[in-house]
Amino acid sequence: MTRTFTYRGSAAHIVFGAGKRSEIGDWVEKLSCSNALVLSTPHQEGDAARLSDQLGSLSAGVFAKATMHTPVDVTDEAMEAVKSARADCVVSLGGGSTTGLGKAIAYRTDLPQVVIPTTYAGSEVTPILGQTEGGRKTTVRGDSILPEVVIYDPELTMGLPLSMSLTSGLNAMAHAAEALYAQDRNPVSSLMAAEGLAAFKQSLPALVADSSDADARADALYGAWLCGTVLGTVGMALHHKICHTLGGSFDTPHAETHAIMLPHTVGFNAGAVPAELQPIADLFGATPGAGLFDFSKEISAPQALKDLGLTEADLDRASEIATEAPYWNPRPIDRVSIRQLLQDAWEGSRPAL
Ligand code: NAD
């Protein structure tokens, strides 16, 4: 085998450990900032207020209207808050929705960002921003979008409901699965992907047994960092394309859609890239797709698209949209095979490969 690759390390500072949120003020000052606007969803406003209190004179207040898929009108409102508070950085406390708002502000202003993630979505370590306007979600990439500092504090994930922990974990695992066969993968991304999958294999069943298991919470968040990092480093393929289609055009919930599709998209590609997906077979047994399906069943994660309110008729339209524009995937795609893939995921059947 001829070994060729390019590798670029991330410029972000990663701080990991229980209780590390107490260092927030130090990190704001290390960024040469003194007036941080704290962002959250309405649901996490109380936590954001506590973080703002902790920041004391370094806080410019709280903006608690972050919304899934980063609608541009919410960003416009947040930009007004940034201007009127004269904020010189943002602190995003929450999942991918809050991180998305912080990125949208940074994209428009180049303000530095500190992110304190509380789900496993992984957005905090990617230079990617998805935003929605007029019902259309578009994606931009850029160095100003990548958060400067990420503080992973597993204590903040203790309250993440179990069902959300499982689907968010499977969402993260999907980043790693596609990173294993990415065209532009490198030795570091492949190591991180395999380690991230192993961290979730260990931690998700432990969370099912006890969702307040501190070690399992730390392992899952460690997995989220690894899987998010590879999402930000290498190109994704069929899995992310289909989930983007289902979420964008049929409004299916983000993490659940990823969780359901993962065994099917991996099974679809398994025959084309058996060596690349061997780490999944080694970890989960059986074949890669079936192994992931059995794992998701074991932890009682959602397994059928029909349970998300999609109809069989939607599958025709979804397969059309998902195959409209050509993109790279290890196994060539066409409308007929993608329609069958969606049928299997809709029914929740066990993939053969
Ligand atoms: P989310 O951020 O929408 O969170 C879902 C809900 O859970 C929210 O109400 C939130 O406040 C709440 N929540 C979050 N953490 C909690 C905790 N610890 N305890 C209690 N409640 C908590 O969900 P998500 O799945 O993290 O993010 C999804 C969004 O992120 C989507 O818009 C997706 O497109 C985006 N995303 C972007 C990237 C990227 O690289 N750009 C990567 C992954 C996800």
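Note that ligands are numbered from 1 as they come in the structure, with each ligand's atoms numbered from 1 the same way. Scope of the values below: all heavy atoms of this structure, side chains included, with no hydrogens, waters or symmetry mates.
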Check whether any side-chain N or O of Thr323 sits under 3.5 Å from a backbone N or O of Ser319 as a donor-acceptor pair, and report yes or no.
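Here the side-chain-to-backbone pair exists.
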
Test your reading of the model: is there a side-chain donor-acceptor pair from Arg217 to the backbone of Pro154, 3.5 Å cut-off?
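Answer holds: no.
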
Counting heavy atoms only, which part of Leu160 comes closer than 4.0 Å to ligand 1: side chain, backbone, both or neither?
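Both parts.
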
Identity and distance of the protein heavy atom lying nearest [atom]:
| atom | result |
| --- | --- |
| atom 28 (C) of ligand 1 | Met68 SD, 3.6 Å |
| atom 40 (O) of ligand 1 | Thr126 OG1, 2.6 Å |
| atom 36 (N) of ligand 1 | Ser123 CB, 4.2 Å |
| atom 15 (N) of ligand 1 | Thr118 OG1, 2.7 Å |
| atom 4 (O) of ligand 1 | Thr119 CG2, 4.4 Å |
| atom 44 (C) of ligand 1 | His254 NE2, 3.5 Å |

Counting C-beta onward and ignoring hydrogens, is there a side-chain heavy-atom pair between Pro117 and Val150 closer than 4.5 Å?
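The answer is yes; the side chains approach within 4.5 Å.
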
Indicate yes or no: does an N/O atom of [X] lie under 3.5 Å from an N/O atom of ligand 1?
| X | result |
| --- | --- |
| His69 | yes |
| Thr98 | no |
| Ser97 | yes |
| Ile128 | yes |

Below 4.0 Å from ligand 1: does a non-hydrogen atom of Met158 turn up there or not?
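Not so, Met158 does not reach ligand 1.
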
Within this structure, what is the NE2-CZ distance for the pair His239 and Phe268, rounded to the nearest 0.5 Å?
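Answer rounded to 0.5 Å: 14.0 Å.
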
Ser168 and Asn171: side-chain donor and acceptor closer than 3.5 Å?
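No, Asn171 and Ser168 have no side-chain donor paired with an acceptor closer than 3.5 Å.
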
Is the closest side-chain donor-acceptor distance between Thr99 and Ser123 under 3.5 Å?
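Checked: Thr99/Ser123 side chains show no N/O donor-acceptor pair below 3.5 Å.
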
Report, in ascending order of atom number, the atoms of ligand 1 lying under 4.0 Å from any heavy atom of [X].
| X | answer |
| --- | --- |
| Leu156 | 18 (N) |
| Leu231 | 40 (O), 42 (C) |
| Gly95 | 2 (O), 26 (O) |
| Met164 | 7 (O) |

Is any side-chain N of the basic residue among Asp47 and Arg50 closer than 4.0 Å to the acidic one's carboxylate O?
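Looking at Arg50 together with Asp47, the answer is yes, because their closest N to O distance falls below 4.0 Å.
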
